[in-house]
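FYI, side chains are in, hydrogens and waters are out, and symmetry mates aren't considered; it's all heavy atoms of this structure. Every number for a ligand or one of its atoms is a count from 1 in the order of the listing.
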Amino acid sequence: MTDRKQAKRLIYIGLPLIVVILVGAALSTYFWQMRLQKPQEINMAHHQMSAGRTDMAGMEHMESMEEFSSEDGAVSCASITAQESSESTRKFDLTGTRTKLKLDNGKTVDAFTLNGTTPGPELRVTEGDRVIVTLHNNDIEDGITIHWHGIEVPCSQDGVAGVTQDTVRPGEQFTYTFIATNPGTFWYHSHQMSSIQVSKGLLGALIVEPKKRFESDTSTSEATALYQQLGSSMLLNGSTRGLAVPGKPGEHVRLRLINSGNETIEFNVDGAPYRIVAMDGHDLHEPGLLEGTIVPIGAGQRYDLLITVPESGQVVVSGPASMSLPITIGSGSQPQYSEGGQMFSFVDYGTPLPNDRVLQVKPDRHFDLKLGQNLFVKSINGKSFHEIPPMTVEEGDQVLITVSNEGGGDHPFHLHGHTFRVLSRNGVALQGSPVYLDTLLTKEGETYELYLEANNPGLWMVHCHNLRHASMGMSMMLNYEGVTAPYRVGTKSGNLPDL
Ligand code: C2O
Ligand code: CU
């Protein structure tokens with residue numbers, strides 16, 4: 001081949017290639033910009049109006065805008081606070097600080113800490129306690145908030161920047177007050193620029209101990225295992241090593257697994273059969289023994305496992321090998337790691353409640369949410385964030401929500417201020433224990449029917465708990481009629497709940 005021919009050939013192949021690369025780069029920066037382009041100012045109680053009248057495709061029983069815009073008898077979210085109670089009060093202080101944090105593997109990361117650590121301190125209270133937490137911001141410029149994930153707090157205490165409060169700037173503080181009505185495993189995290197601040201460390205565990213233990217609760221000890229993604233490191237209770245839980249043979253250990261990262265973690269349990277006794281802080285009814293079953297825990301979810309320490313040997317609870325953050329329980333010899341296994345499904349786990357009244361309800365409202373993506377944004381019903389019309393309900397409504405995952409990976413569907421009941425998966429009604437969640441892991445192609453009672457008036461975020469997806473638009477509102485937003489989301493106020 002002559003040099004000329006070769007040169008010609010290069011041009012024929014090279015030029016189009018360069019053009020394709022350039023166009024690709026231009027397009028992706030354009031969409032990246034679009035994604036970063038945040039609105040100036042939005043009222044999350046009325047955003048579907050300021051965004052122009054949107055069509056209500058997929059949203060049945062939507063009230064007319066006129067009715068909704070009437071402010072007669074309106075109540076501000078800020079005025080919805082915790083009721084007086086004579087219960088005991090528990091007070092805490094949390095202080096957010098920017099730090100260069102040295103991990104126990106020697107790596108240094110740029111982190112945000114609460115009281116000097118990430119995760120922040122585990123807050124432990126008793127069911128019924130009045131919990132008062134003062135959040136201080138030392139020096140985190142964008143401001144911070146704390147959201148009480150899974151706790152049904154009054155609207156003004158939900159910790160969502162631009163919806164229920166303004167972001168807490170350096171030098172400022174904000175005091176949260178709520179009643180810990182339900183015992184269980186919960187967690188807390190910032191809801192200002194959540195995809196950034198949670199992965200930098202602004203989170204912690206919140207355990208509500210029951211006032212009186214259920215008869216079925218045979219645990220003799222317990223341990224919290226909080227998994228988090230800090231920058232590029234996976235941590236378990238703040239450590240890059242595993243967790244050793246002491247336990248004598250025959251002891252029943254309640255293991256509270258919390259996934260605060262963005263990805264689903266699949267757990268293997270080796271060495272003993274076990275039970276899943278609670279999901280998202282809600283006990284399951286007569287949970288059966290499991291063995292060799294893998295437990296997939298979606299982002300934001302919590303699973304409580306009840307594990308009996310075997311006579312000779314340890315139990316090892318481990319995520320994927322790549323994560324290598326095992327939890328060992330007991331002190332005997334290590335069990336064999338089991339490869340594979342069946343995925344846990346709650347559809348037929350445990351037993352139904354006798355006289356389950358929820359199964360008789362006739363919903364007043366029905367919403368249909370399709371989680372997916374178009375091009376570079378994550379969407380719900382084809383729209384993203386403030387362009388998605390809110391689900392609007394009235395206090396007392398019985399609400400049915402159909403959620404389908406139409407692609408783009410796992411979408412852990414999270415709803416603020418409420419606990420929902422999972423009624424069916426892919427058209428099949430749940431046959432086992434009732435399942436109450438605040439975060440539902442949905443896999444591609446799955447459809448779930450959820451039921452909830454509109455019993456907590458306010459303005460509530462609904463979003464994917466892969467917070468990166470939320471920041472790309474998979475975030476919307478469940479609003480009660482007549483509740484107004486005292487704060488604004490947008491670049492003007494600097495309140496960016498899910499950036
Ligand atoms: Cu755990 Cu809106 O979040
Ligand atoms: Cu998602």
Legend entry - Presence of salt bridge, R90 and E209, under 4.0 angstrom: no

Inset, instruction - Please report how many protein N/O/S atoms lie under 2.8 Å from the Cu ion (ligand 2). - result: 3

Legend entry - Polar protein atoms (N, O or S) that approach atom 2 (Cu) of ligand 1 to under 2.8 Å: H191 NE2, H416 NE2, H463 NE2

Inset, instruction - Could you tell me whether the side chain of V131 reaches within less than 4.5 Å of the side chain of V208, counting heavy atoms only? - result: no

Legend entry - Modelled atom types, side-chain donor and acceptor of T118 and T113, under 3.5 Å: no

Legend entry - Residue that, paired with L371, satisfies side chain to side chain contact (heavy atoms under 4.5 Å, CB included) out of V403, N381, D410: V403

Inset, instruction - Decide yes or no for E122 and L226: does some side-chain heavy atom of the first lie under 4.5 Å from some side-chain heavy atom of the second? - result: no

Inset, instruction - Take Q165 and T145 through the side chain to side chain donor-acceptor pair (under 3.5 Å) test and state the conclusion after the steps. - result: CA-CA 8 Å; Q165 68 174 101; T145 68; 5.0 Å; no

Inset, instruction - Return the orientation label for the Y448 and F346 ring planes: parallel under 30°, perpendicular over 60°, tilted otherwise. - result: tilted

Legend entry - Those residues that, when tested against N268, pass side chain to side chain contact (heavy atoms under 4.5 Å, CB included) (two or more places apart): D270, I294, S318, Y337, S338

Legend entry - Partners passing side chain to side chain contact (heavy atoms under 4.5 Å, CB included) against S345 (at least two apart in sequence or in another chain): V347, D348, R425

